[in-house]
Amino acid sequence: MNKTELVEKIAAGAGLSKVDAKKALDATVAAIKDALAKGDKIALVGFGTFSVNERPAREGINPATKQKIKIAAKKVAKFKAGAELAAAL
């Protein structure tokens, strides 16, 4: 499912126009992104939890040259499915 199809499902399920559903989806995604950028955790009961995970610096290998390279530490978004979502799958 792509974004357009998701907007159509939201519009049909909530009785909104596609324009309003797209605005709602964009606002939701922006709110989640802003919270994660601040390091906050977002818990949607029954759906799941979004959080930030820190990956430490590590050493890797360039597959083309077989030389060792350093991979920098970074922060990544993490999602853990909630019980209801896991049960639905």
Side-chain angles (χ1 to χ4, degrees):
M1 176 181 290
N2 62 28
K3 185 176 179 179
T4 303
E5 293 168 342
L6 182 58
V7 167
E8 290 173 4
K9 288 270 190 187
I10 293 170
L16 300 171
S17 69
K18 288 183 185 177
V19 172
D20 289 339
K22 183 179 182 312
K23 287 179 186 176
L25 178 60
D26 289 343
T28 302
V29 170
I32 291 171
K33 190 187 325 180
D34 290 344
L36 289 176
K38 293 178 185 174
D40 293 340
K41 182 188 281 190
I42 300 101
L44 304 173
V45 177
F47 182 71
T49 303
F50 294 92
S51 61
V52 177
N53 194 20
E54 293 188 27
R55 291 193 179 160
R58 59 191 170 96
E59 198 170 88
I61 297 175
N62 181 339
T65 63
K66 307 294 185 211
Q67 292 180 356
K68 290 185 178 184
I69 58 171
K70 290 184 180 179
I71 301 171
K74 66 179 180 177
K75 294 180 181 180
V76 294
K78 179 179 166 186
F79 176 75
K80 181 178 180 195
E84 289 179 30
L85 178 60
L89 301 178

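What you are looking at is a predicted structure, and each value in this text was computed from that prediction instead of being measured. In this chain, numbering begins with 1 at the start of the sequence shown.
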Contact list for [range], test ring-ring contact (aromatic ring centres under 6.0 Å, His included), sequence neighbours left out:
range: residues 3-45; answer: none
range: residues 23-66; answer: Phe47-Phe79, Phe50-Phe79
range: residues 4-29; answer: none

Using every non-hydrogen atom in the two residues, find where [X] and [Y] come nearest and quote the distance to one decimal.
X: Ile69; Y: Ile61; value: CG1-N, 4.2 Å
X: Ala57; Y: Ala73; value: N-CB, 3.5 Å
X: Ile42; Y: Ala35; value: CD1-CB, 3.6 Å

How long is the span from the [atom1] atom in [X] to the [atom2] atom in [Y], to the nearest 0.5 Å?
X: Asp34; Y: Leu36; atom1: CG; atom2: CG; value: 9.0 Å
X: Asn2; Y: Glu8; atom1: CG; atom2: CD; value: 8.0 Å
X: Lys68; Y: Asn62; atom1: NZ; atom2: CG; value: 13.5 Å

> For Glu54, does the CD atom have more than 12 heavy-atom neighbours from other residues, nucleotides or ligands under 6.0 Å away?
Replying inline: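 It does not: Glu54 CD has 12 such atoms or fewer within range.
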> Other than Val29, which residues form its hydrophobic cluster under the rule that side-chain heavy atoms must be closer than 4.5 Å?
Replying inline: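 ILVMFWY cluster around Val29 also holds Met1, Leu6, Val7, Ile10, Leu25.
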>> Per the side-chain hydrogen bond (donor to acceptor under 3.5 Å, both in side chains) rule, what does the pair list look like for residues 15-31, sequence neighbours excluded?
In response: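 Qualifying pairs: Lys3-Asp26, Ser17-Asp20, Lys22-Asp26.
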> By side chain to side chain contact (heavy atoms under 4.5 Å, CB included), which residues pair with Thr49, not counting sequence neighbours?
Replying inline: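 Once residues adjacent in sequence are excluded, the partners of Thr49 under the side chain to side chain contact (heavy atoms under 4.5 Å, CB included) criterion are Lys41, Ala43.
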